[in-house]
Amino acid sequence: MWSWIVRSGIGRRWIGRLLAVLAAIALLATTVRAEIADQPKASLADNATIILVGTCVKVESKVERSGDMEYTNWFHHFTIEKIERDGSGRLHVGDTVAFLSASNAWRGSGTPPTYGTGHRGMPAKGERRRVYSSGLASNEGDKAWLNVAVPNGWQPAERSVVLVGADDEYRSEVSMPLIADCLRRDTSVTTTIAFPADPVTKKLDPDRRDHIENLDALRDADVGVLFLRWRELSGNQWEELASFLKSGQPIVGLRTSTHMIRSKTDAPDRSIDDDVPTRVFGQHWISHHGHESRTRVLAPEGIAATHPVLRGIRGGFEVPSWLYDVEPLPKDCTVLLWGEVIPARGTVNEKPIRQPIVWVRERGESTPTPFPDGGRPARRMAFTTLGHPGDFLEPQVRRLVEQMIVWAAGDETSIPSDGLKAEPSAAYVAPPTR
């Protein structure tokens with residue numbers, strides 16, 4: 001292995017650097033205090049200087065022994081398929097790079113001490129991964145050597161999207177699986193549906209406000225899609241939602257998520273009911289224009305028309321959603337689409353009523369924390385006030401929500417110029433609202 005490094009042109013000075021890097025990795029991975037906890041995905045994404053997707057084409061290792069402990073340094077050679085971040089500025093799609101990892105194992109016959117096992121999730125030859133690198137160890141000639149973030153910088157190549165359909169009016173338990181179906185057909189993401197249910201039987205129950213099955217899947221989500229209405233969560237359920245909102249991971253919100261939580265009547269402080277949606281999405285529930293009205297989705301205007309979320313979105317169609325009042329939105333929210341009230345039959349608008357129906361935000365210095373006492377704002381946030389079950393009969397609405405999710409994940413380069421197909425595997429029949 002070491003002669004191969006020399007032959008590859010890295011040279012002796014790089015061997016010294018490489019040994020120092022491997023020693024640092026081993027030190028981190030072999031703490032005698034406890035196993036190293038996984039970094040949250042938000043931390044991996046925030047701290048990595050290089051993020052790549054690729055396929056492992058070769059695996060090499062060097063094993064060393066110290067007493068009854070075995071230390072293995074791993075060299076995974078990857079062909080780069082996609083570059084999501086490159087702090088080095090020297091990597092290209094098609095390059096082959098080598099990632100440095102370490103693992104440890106007790107080989108003694110007695111009781112092993114507490115120790116860290118090192119990197120987890122390392123691939124075998126032929127497997128694909130998304131890799132979060134903590135920095136470039138060396139780069140000379142056509143060989144790049146990259147550290148892997150400890151301990152879980154190896155991640156599945158496919159994005160994980162969790163869609164939470166937990167409202168009791170707009171049938172999100174139907175529309176969120178529809179969007180998940182379209183996503184799986186158009187992209188390589190994996191999807192999980194979280195839904196209101198009886199905590200014992202796990203049976204779907206949209207009227208159940210205090211339990212959402214699979215909500216814990218948000219812990220490993222690359223994107224969380226929230227379609228909630230007045231959930232009354234407590235205990236572990238509340239902790240799961242609050243932890244995700246504080247994580248900094250990308251969030252997509254739909255319609256009633258402007259009023260996604262409701263504190264109990266006797267709660268000492270109910271201000272979070274409005275405050276948290278405002279901080280996370282830019283606005284809370286204000287009012288709407290009546291169940292007998294409809295909304296005309298207007299054509300994209302100005303610079304917003306070039307945003308990746310709006311590829312293939314022409315506007316100029318009607319949907320059954322009644323328009324929500326959301327203005328004013330924060331200055332750091334960018335409105336992409338506007339809607340106009342189509343009044344109930346027999347009434348006339350003297351002046352057209354317009355409101356934003358799609359807006360996005362990227363985390364900046366002025367982005368508020370999700371809770372008054374802290375947390376990390378979402379890296380990217382997208383919101384739409386659309387969400388009536390009949391809205392999803394329109395392919396442009398399905399496409400819009402899909403592309404909000406893909407953009408939030410940071411994968412907008414994968415959105416074609418004419419947009420994603422957004423065609424489900426089976427015909428969609430819109431259920432009535434409750």
Side-chain angles (χ1 to χ4, degrees), residues 160-183 189 191-197 204-215 217-218 221-233 237 240-242 244-245 249-262 273 276-277 280-285 288 295 309 319-324 326 357-360 370 378 380-394 397-409 422 424 428 430-434:
S160 170
V161 178
V162 177
L163 301 98
V164 187
D167 87 293
D168 53 359
E169 182 177 8
Y170 294 107
R171 308 302 297 273
S172 59
E173 79 278 5
V174 176
S175 60
M176 290 302 91
L178 169 71
I179 295 300
D181 180 31
C182 292
L183 273 172
V189 304
T191 62
T192 301
I193 304 296
F195 55 92
L204 172 70
D205 182 0
D207 293 324
R208 185 88 189 215
R209 296 178 183 269
D210 63 349
H211 183 80
I212 301 175
E213 192 66 20
N214 293 335
L215 194 60
L218 286 172
D222 289 297
V223 182
V225 183
L226 306 184
F227 196 155
L228 306 175
R229 181 176 186 264
W230 284 334
R231 297 298 98 180
E232 300 172 355
L233 306 178
Q237 285 275 296
E240 295 289 1
L241 178 60
F244 177 74
L245 295 177
Q249 284 293 76
I251 297 176
V252 173
L254 285 87
R255 201 156 175 84
T256 51
S257 291
T258 57
H259 42 297
M260 59 181 170
I261 54 178
R262 183 166 67 180
D273 294 12
V276 170
V280 173
F281 299 122
Q283 192 51 281
H284 59 81
W285 163 250
H288 63 63
T295 295
V309 165
V319 292
S321 277
W322 35 94
L323 193 64
Y324 275 18
V326 296
I357 58 173
V358 178
W359 61 91
V360 296
R380 282 184 169 181
M381 182 280 300
F383 195 92
T384 179
T385 57
L386 300 178
H388 186 290
D391 294 353
F392 297 100
L393 289 167
E394 168 58 55
V397 173
R398 300 194 298 267
R399 179 176 302 128
L400 177 68
V401 177
E402 267 197 84
Q403 292 175 182
M404 289 166 64
I405 296 168
V406 173
W407 173 82
Y428 171 65
T433 58
R434 287 190 175 84

Worksheet entry | For Ala221 against Gln249, the heavy-atom pair lying closest together | O-NE2, 2.8 Å

Discussion item. To the closest 0.5 Å, what do you measure between CG (Leu323) and CD1 (Ile357)?
Written reply: 7.5 Å

Fill in: Contacts of Asp210 that satisfy side-chain hydrogen bond (donor to acceptor under 3.5 Å, both in side chains) - sequence neighbours left out
Arg208

Worksheet entry | Geometric class of the Trp285/Tyr324 ring pair [parallel <30°, tilted 30-60°, perpendicular >60°] | perpendicular

Worksheet, complete the sentence: Shortest non-hydrogen pair, Val252 vs Phe281, comes out as C-CE2, 4.5 Å

Practice prompt. To the nearest 0.5 Å, tell me how far Asn214 CG sits from Glu240 CD.
Written response: 11.0 Å

Worksheet item: About how many Å separate NE2 of His211 and CZ of Arg231, when rounded to the nearest 0.5 Å?
Response: 12.0 Å

Can you give each donor-acceptor pair under 3.5 Å made by side-chain atoms of residues 401-408, sequence neighbours left out, with the distance rounded to 0.1 Å?
{"residue": "Gln403", "atom": "OE1", "partner": "Leu420", "partner atom": "N", "Å": "2.8"}
{"residue": "Gln403", "atom": "NE2", "partner": "Val309", "partner atom": "O", "Å": "2.8"}
{"residue": "Gln403", "atom": "NE2", "partner": "Arg311", "partner atom": "O", "Å": "3.0"}

Worksheet item: If you look at every heavy atom in Leu163 and Ala180, which pair is closest and at what distance?
Response: CD1-CB, 3.9 Å

Fill in: Reported CG-to-CG distance for the pair Leu226 and Asp167, which is rounded to 0.5 angstrom
12.0 Å

Worksheet item: What are the two closest non-hydrogen atoms of Asp222 and Pro250, and how far apart are they?
Response: O-CD, 3.2 Å

Worksheet item: Rounded to the nearest 0.5 Å, how far does CG of Leu218 lie from CG of Leu241?
Response: 7.0 Å

Practice prompt. Describe, in one word, how the ring planes of His388 and Trp322 are oriented to each other, choosing from parallel (under 30°), tilted (30 to 60°) and perpendicular (over 60°).
Written response: perpendicular

Practice prompt. Measure the spacing between CG of Asp168 and CH2 of Trp230 and express it to the nearest 0.5 Å.
Written response: 8.0 Å

Worksheet entry | Non-hydrogen atoms of Gly387 and Ser321 that approach each other most closely | N-OG, 3.6 Å

Practice prompt. Write down the atom of Gly165, the atom of Ser172, and the distance for their closest heavy-atom approach.
Written response: C-OG, 3.1 Å

Discussion item. Against the six-membered ring of Tyr170, is Arg229 placed for a cation-pi contact (under 6.0 Å from the centre, within 45° of the normal)?
Written reply: no

Item to complete: Mark yes or no for whether Thr384, through its side chain, and Leu254, through its backbone, hold a donor-acceptor pair below 3.5 Å.
Response: no

Discussion item. Applying side-chain hydrogen bond (donor to acceptor under 3.5 Å, both in side chains), can you list everything that pairs with Thr191, at least two apart in sequence or on another chain?
Written reply: Arg184

Worksheet entry | Stepwise salt bridge (charged side-chain N to carboxylate O under 4.0 Å, His left out) check, Glu173 with Arg434 | CA-CA 12 Å; Glu173 79 278 5; Arg434 287 190 175 84; 2.8 Å; yes

